[in-house]
Amino acid sequence: MKFSNHLSADRIGGLIWLTFGAAIVYGSWVMDRLDSLKIPPATVPGLVPGLLGAGLIIFGLILALRRTDAVIETQSFVVEEQPEAAADTHDEFAWKRLALSWLLCATYGGLLLGHGIHYWILTCAFLALHMLLLDETERVPARPDTFRLILVALLAPTIATVVTLIFRYVFLVRLP
Amino acid sequence: MFDGLTMFGNAVVGYITPVSLALAFGSTLLGVVAGCMPGLSATLVITLLTTLTLKMAPSQAILVLVCAYNGAIYGGSRTAILLNIPGTAANAAACLDGYQLARQGQAGRAMGIATTGSVVGTLFGLVCLALFTPMLGEVALSFGAFEFFWLALLGVVMSGNVVAADALKGWVAGFLGLFVACIGQEGMYAHERFAFGSPDLAGGFQLIPVLVGAFGFSEVLTVMSERAARPKIMEFGSALPRIMDVLRYWRTIIRSGVIGVWVGILPGVGEDMAAWSSYATARRLSKEPEKYGKGSIEGLMAAETGDNASVPGGIIPALALAIPGSAPCAVLLAAMIIHGVQPGPMLMVENPQFVYDVVAMVLFSTLGILFFGLFFIRPLIKLAQIPRSVMMPIIFVLCVIGSYSLSSRMFDVYTMLGFGTLVFLMRRYGYPAAPFVLGLVLGDILDKNLRRGLVLTDGDILPFFTRPISAILAALVIWTFITNVKTLNDGMIRMRTALLDKVLGRAKKAA
């Protein structure tokens, strides 16, 4: 089951690379060939990206079309994974943790930073939230105990202060 | 020869200042600590340190990076031995026998062996670095655009081939890296490629934010998605190495050193492959192969000598050809370029002292490893136990501010986030990060040299295949492709069999 999942993931991956490679080839083909500068035709700017795109098309094709036994030889480790039930529970836990962590990071770095909120306050809040919501237990989001709360209350402002001071006054960076 | 010794002497004397010594030993310690922490790879450490050392003088910034790199590769052996968790991928081979020795109550001895192996391996690699870099540089002076094009392609292809479980996915990652390097203004006519009118994209992606994303943010996501494990640390005695252990296995040490340096020199292969190759060879040639995996001193010595010997080994092509030997070396190469040092064949002509400065840096980091490895065990292990859930958000904050501090623009932070997510997803589905990074670093070399070559030959591609060195490199690239795609390989085997049948059939008929 696991193996066939990987195989279909490979097929989908192959199609993605095929499409992406084709888009690169098209973009390279329609790119300005700088005729007005009278450059040698073999040095047009789209040459190398076009060749790379062609390479991706070939690799994507092989990935999408290759036979099952060709994959077994190279991916035998995938077949030898843990029992399925245990792996599924772990996967669910992992994806929840991952999604929450990514969301926190993307909100901090991609959405809020550089949009008017003071760097120190934002960093402190991010650190505190990340440390509180994701701990060493399997519960997502975590339910922190008193020790964890005290630890985070001390650690988040300290780290935020140290990073702010070092980058602001030692590396002379104008903080976002 | 004597010029080299004089320059090496000057480099050592030049670095014997309080500030330089503090930086060398401090960054080695930082590398060892980071190496101890599962989830913090050597590449991540160097990438983050690159952003933190931007404002330092080039000689000191590169000193910090080289020392941290060497320290991190060594540091991972601590947790491999005591916790059965390799701190970095390079130390996975050390788990096999190191942890077994620890279970037998010989953890101190195992750590002593790992330290000795690492120190001897690095010293061996250091000698090779000093001897072979000038030689390779001299050979590379005869290289033209044709050879550099093939070298860049070989680096990406070989890295994809060796690092990934599935070579095809390694090549996809490598080609993607090469393509990303093409985005923005190209080097010959300053024409914008795939910028879509964006002024940020017109300048291309800066190397450091992409690297921070690929190795920092993606590592944070990887660690956060894994189940946290905190095994109990075992008791350990003295880590002072026994002279007999070293003398008894001197052949293994030298052999592993040679393998480590050689694997290090191969473009994009890396320290983990050096450790595994040394370990496998030692086992094959051992008088006591039955002890391997059950606590073999020889096995542990081979693995640790091999991985640390590959550190200076990887720096050799990075300095002489500007082709990095591993992913951390690719970051080191990028940092050198940022600091105004241009590695490549001209380095030995324009700035030969720099090569010996790097040799001296490796020497100082080796002394640091020896000191911290033998006398700083307990605090290191305590540090390695800092929970990942506390460490990872701090790493991410450094990834963000490190990317931003390069040019004070948010585009670099978005780049870091985007490439971090992309590389994480790719790794999740078996596409390795190392060929991607190598492609990113070598993309410019490949692009410029292919087109320069075509200008020189007026569009004729034949010289790419007919010049002697070019022909060898081209054959290597094609051979790597053909022998690793099963469909093509099957076709070749069928052809060979058919040909043999034909020839043998005729021979039989003639008889």
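In the text below, chain A, chain B and the rest are named by the order of the sequence lines, each starting its count at 1. The basis for the numbers below is simple: all heavy atoms, side chains too, and nothing from hydrogens, waters or symmetry mates.
- Listed in order of number, the residues of residues 46-55 of chain A that approach chain B to under 4.5 Å between heavy atoms are L47(A), V48(A), P49(A), L51(A), L52(A), G55(A).
- Residue pairs meeting the salt bridge (charged side-chain N to carboxylate O under 4.0 Å, His left out) criterion with at least one member in residues 389-410 of chain B, sequence neighbours excluded: D200(B)-R409(B), R409(B)-D412(B).
- Contact annotation for L417(B): only side-chain heavy atoms (C-beta onward) come within less than 4.5 Å of a heavy atom of chain A.
- Proximity to chain B (any heavy atom under 4.5 Å) is shown, for L113(A), by both the backbone and the side chain.
- Only the side chain of F167(A) has a heavy atom closer than 4.5 Å to any heavy atom of chain B.
- Residues of residues 145-152 of chain A that come closer than 4.5 Å to chain B, counting heavy atoms only, are R148(A), L151(A), ordered by residue number.
- Side-chain atoms of Y169(A) and T164(A) form no donor-acceptor pair, as typed in the model, at a separation below 3.5 Å.
- Only the side chain of M31(A) comes within contact range of chain B, with heavy atoms under 4.5 Å apart.
- Geometrically, R428(B) engages W95(A) in a cation-pi contact defined by less than 6.0 Å to the ring centre and at most 45° from the axis.
- Contacts between residues 172-180 of chain B and chain A, counted as heavy-atom pairs separated by less than 4.5 Å, involve V172(B), F175(B), L176(B), L178(B), F179(B).
- Only the side chain of I159(A) comes within contact range of chain B, with heavy atoms under 4.5 Å apart.
- Contacts between W102(A) and chain B at a heavy-atom distance below 4.5 Å involve backbone atoms as well as side-chain atoms.
- Residue L100(A): no heavy atom, backbone or side chain, is found under 4.5 Å from chain B.
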